[in-house]
Structures are given as structure tokens and as C-alpha cells.
Amino acid sequence: MFDELSDPDVVSWNSMISGCVMNGRSWNGLKFFIQMLHFGIDMDLVTLVNVLVACANVGKLSLGRALHACGVKTGCSGDVVFDNTLLDMYSKCGYLKGATDVFVKMGETTIVSWTSIIAAYVRKGLYDDAIMLFDEMQSKGLRPDAYTVSSVVHACACSNSLDKGRNIHNFIKKNNMALNLPVSNALMNMYAKCGTMEEAHLIFSQIPVKDIVSWNTMIGGYSQNSLPNEALELFLDMQKQLKPNDITIACVLPACAGLAALEKGRELHGHILRKGYFSDLHVACALVDMYVKCGLVVLAQKLFDMIPKKDIILWTVMIAGYGMHGFGKEAVSTFEKMRIAGFEPDEACFTSILYACSHSGLLKEGWKFFNSMRSEFNIEPKLEHYACMVDLFVRSGNLSKAYKFIETIPIKPDAAIWGALLSGCGIHHDVELAEKVAEHIFELEPENTRYYVLLANIYAEAEKLEEVKKLQTKIGNGGFKKDQGCSWIEIQGKFNIFVAGDTSHPQAKRIDSLLRKLRMQMNGVGYYSKMRYALINADDMNKEVLLCGHSEKLAMAFGILNLSPGKTVRVTKNLRVCGDCHDMGKFMSKTTGRDIVLRDSNRFHHFKDGVCSCRGFW
DNA sequence: CTAGGGTTAG
């Protein structure tokens, strides 16, 4: 119709521009604006406002500034709508100073001005300032509306401010604003980011008509909070009424990664290919990570290579992926390629490369990367980086160096750092140092049973059974929560879950006889039963049962019995693999001719022809 | 013909 107009006036042009901008075609709107100027039509207030919104949408700060000047020239600046739009344009283009300048110069401010300036601070990560502005606004007698509270709740989510978030939630309830969908979605997100999924779900369950953001928020929340089963279940529920989008997929994939749910992950990969979602970097990155964590590092690498525009997160995923699988050299060369591609490593990236070095015993390289953090990249190492370094010294056999290194750490070492040294004491049979280290740990985390178990195993290996008993009593009387050792294997989409000493599985007898047979063969070629490992989970004193019945052994045996000969047996365990199970994994791979890939809580072990990819670095 | 809010990967 516009094309048929003989003499379009400024209202006609404004209508076209507005139509474009409001329907996600901001670039087109800008084209109409340029054309309009060519036709010699003078812009008015409405034109300026529309085009400013287009600039905000596509981030065109230079044009936005020019329009600011036009507004001054034409007398539009000073109009509340113009100023509000201008403020938001600066904010969305990332120029906070521009936004605040507009805000302080405004004569009249409205709820829209305050909401926009609050959102501007949130965008820049200045959450406390945003929350302060929210309070200030109310003290000036302005009532926040649904738009305002959405932004402030978002600020609470990003800054992990659960208490402030709850306060605003109360305000929302009092003012009946929870009926507004973005408000409810923001609240759910806030609770999810603060780690309280029960509260998030309560809100979710009360929304009568959920939209895709509601579902994505909950699914992503479960994934981020290590509740992968809940995430997958909700994903199924969602599909009964809504089609997932690219964001949904990016939210579910981490759940597959957490469970090592390879078949579900492959299904999602198919969905990605059909919908063309692979071009979305979030999706592609989550997919690569999923394959890494399901054990298919070579496929992950192929997909990684196919992604033309990589970002720092994707590089980090690949570096961490190589690290988990013991490909330290590949991790280092990937890091170097990343540098050549022009990326500056950040904190998380250094965690990945240091982790990779420690898990492959690359002492020299690890040192080099660690020292470059400060000297080359101006990044102050955090506890996790120090922990990697302690790990690195420990694995390369230098306990006293590790101890001295801990003493140089400028931050107070946490239990994880001492824990790395403690497990090193286990590897190198140093009971005396272990006791010294354990004291530090028990002071920091008196209720974490992992470390008691670690120390108990060190005692057991040194055959100090009195000390073992003392610790067992301590754990028993402490009423501590024990981590139940648990392994699982997915076969045709079905998860078979095993716990230590489990005899309830329908195939328990077959599994048991296979394991007994293997044990006899192992003994026959010189392996001896390592009774000392029996303690690893500390939740059952029946050594005989445990020696043959650790959950990872059961799952590996089940895989061998139920997967056709050429197939790789892929087992996942929630805790670290025990030494005897590790020996048996190697042995199994040789005598049965099967590839076994075991993911434990720490890294991957690829057993093939009697050798493990970890080469002892675990 | 005009302004502000909620969901994604390490």
C-alpha cells in the first residue's frame, strides 16, 4: 500500500519505519529512514523516536548520537518520550555514560525513565546501583510497575541476592504483579540462579499459561543446578504443548552432559540439524561439551572444527574436553591456536588448561601457563588455579614442593587445595604428611566425608587398621551424609544404575559370575586382590562383597554382557574410580577385547588393550 | 506514526 501512495507524507514514512522496527526488521526501518531523507521529507518527533529504537535494536551508536543532535536541533529533546527513548538507546548500545547524562538532564522523569536507567545499570553489571536506584525511585513517590520489577529481579538474579530478591517477590505479591508473565519468569530465573529450585518451581506451577521463556528458564535452571533428571523430564512435558527453540536446546544439552545421556544427546543433535540450530554458538558449544562429557571427544573435535566463528567459551570447552580425556598435548596446542586466532584467555580458560596439564602430567607447561597469568594477562590466580598447580606437583611426585607451594598462596587455601595434596599423599604413601594435611581439611570442612574416606584409605594401604577403625567410628557417629557410590550405563536409551554390592539387578547372577571369572584370571596372571581398596566408599564393611561388587565393576560387566561385541562400553560414576576397579577395567579391556570408557567424577578413563588413557594421572 | 521488562553454552 505504501508503494501505491502517490505522495507519502511523514506519517506514512513513520508508519513504515515503525512497522519494521516493531516486527524485528530494524535494519529495514533504517533503510526507510534514509530513503525518506532522500525524498526530502522532514523528520518529526515520531520519526526520531522510531529510528532511535531501531538504533537501540541493532546497536548503532553513531547514528543514535546523530539523532540526538537532530533532536536538540528540532527541539524534540526535552520531550519525555524522546528523552526516554534516547536514554534507552545509549544503554542498549552499551554507553552507560550517555544514558546517565540524559537521565540527570531530564526535567520530568516518569516510571519509564527510571525503569530504563535501572535496566542500563543492570546491563553493565552494576547490580547494587540498580537496586539502589529502585529504592530511590520509590522514596520519590514513584510506583514501580511490572517492567521495573522485572529489571530489578534480574539484577538480584545476576548478583545472587536471594534476600533482596525475596523482598521484591513480596512486593510483587502485594501488588498483584505475579500475573505478569515476564515478572514470573524473572522471579523463576532469580530463584534458579540463587540455587533454590523449589521456589522457582512453585512460581512455575502457578503460571496458568506458560510461554517458551518460562519453560526454558526452568529447564535451564535444573540443568545449572545439577538436577539433570528434572531438566529432561520437564523437557518432555514441555513438548506436549510447545515446540522447543534454540534456547531450549542449549538449556537441555547440559543435562545430557551431566548424565552422560548419549542417546538423548544424539536425538537432540538430530533436532539441531533439522532446525538449523548449529549456527547458534550457544547451541553448538553446548553440543560439543555434551559429546565431550559423553566420552566422544573425537566427534566433539570434528564439530568444533566445523564451527567457523569460535568464541572464548567454545575454545575453553575444547581445551577442558581434551584435558578430561588426558589429551594434554592437544589441549596445549588448542590453547596456542586460540591465541593465534586472537583470543585472550580468561580465568575459566586458565582453569581448563591448568587442569589439562595436571591430568597429563605436563609439569613444565603447567608452570609456564600459571606464571603467564599474572605476567602476560594480568589475571590474578584464584583458588581453583592454585588447586590445579598443587595437583600438578602432586602428580609429578613432588609432595614437599606442593606443600611449600600451598604456603605461598596469598589467599586462604580451601579444602579442595589440601584435598589435592591429601590424595597425593595416598598416591605416594606418605602417611605422616597425610595426617598433617588432613588436620587442615577437617578444620575447614568437618562434614565432608570424602576426605575421611581418603585418609582412611591411606591408613588402610599402610595397614594401620586401628586408625582406619577410629575414622570409621567417627564417620559413623558423626551422622554425616555419605556419598553413595553409584555407576550407570545407558543401553538403548535405558539407564541401568548400580550401587556398591547391589544384588537386586535382574542380571545380578550373570554379572557376578563374569566378575568372579575375571578375578580368577587376574589372580592367575599375577594381580592380587587389593583389599585396601575395599574401603573406598566406606559405607559397607563387607570387603569380600565390595571387592567384587563396586558399582563401576557391576556396570562395566553389565555393559560387556549386554552390548554387541564391537560396541564401546560407556560407564559413568558419580565418585572417583577406585584403584582395584581401575585395574580390573584395564584387565577387562584386554581379555574381552572391548573398549571401555569410564567417566568418573574427576576425568575419563579409556581402557583399551589393557592400558588406560590416564597413564596413572588421576 | 512514539519510550522501559523475562530464557541459552565453559
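The chains referred to below are lettered A, B, ... by the order of the sequence lines, with proteins before strands, and numbering in each begins at 1. Keep in mind the model is a prediction, meaning the values are calculated, not measured.
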Side-chain N or O of A/Arg123 less than 4.0 angstrom from OP1 or OP2 on B/dG5?
yes
Between A/Asp88 (CG) and B/dT2 (P), how many Å, whole number?
16 Å
Nearest of B/dA3, B/dG10, B/dT8 to any side-chain atom of A/Val49?
B/dA3
With heavy atoms under 4.0 Å as the rule, sort A/Leu287 into base, sugar-phosphate or nothing.
nothing
What's the closest nucleotide to the A/Ser18 side chain, out of B/dG10, B/dT7, B/dC1?
B/dC1
Over all strands shown, is A/Thr148 touching base, sugar-phosphate only, or nothing at heavy-atom distances under 4.0 angstrom?
base
What nucleic acid atoms does A/Ala320 come within less than 4.0 Å of, heavy atoms only: base, sugar-phosphate, or nothing?
nothing
Is a salt bridge present between A/Asp101 and A/Lys105, judged by a nitrogen-to-oxygen distance below 4.0 Å?
no
To the side chain of A/Ala286, which of B/dG4, B/dG5, B/dA9 is closest?
B/dA9
Under 6.0 Å between the ring centres of A/Phe335 and A/Trp315?
no
Does the B/dG5 base have a donor-acceptor partner in the side chain of A/Asp145 within less than 3.5 Å?
no
Nucleotide B/dT7, atom P - distance to CG of A/Leu187 in whole Å
11 Å
Whole-Å distance between B/dC1 P and A/Leu48 CG?
17 Å
Think A/Lys310 has a side-chain N or O under 4.0 angstrom from the OP1 or OP2 of B/dG10?
no
Counting distance alone, no hydrogens or angles: does the base of B/dG10 have a donor or acceptor under 3.5 Å from a partner atom on the side chain of A/Thr316?
yes
Does B/dC1 have its OP1 or OP2 closer than 4.0 Å to a side-chain nitrogen or oxygen of A/Asn50?
no
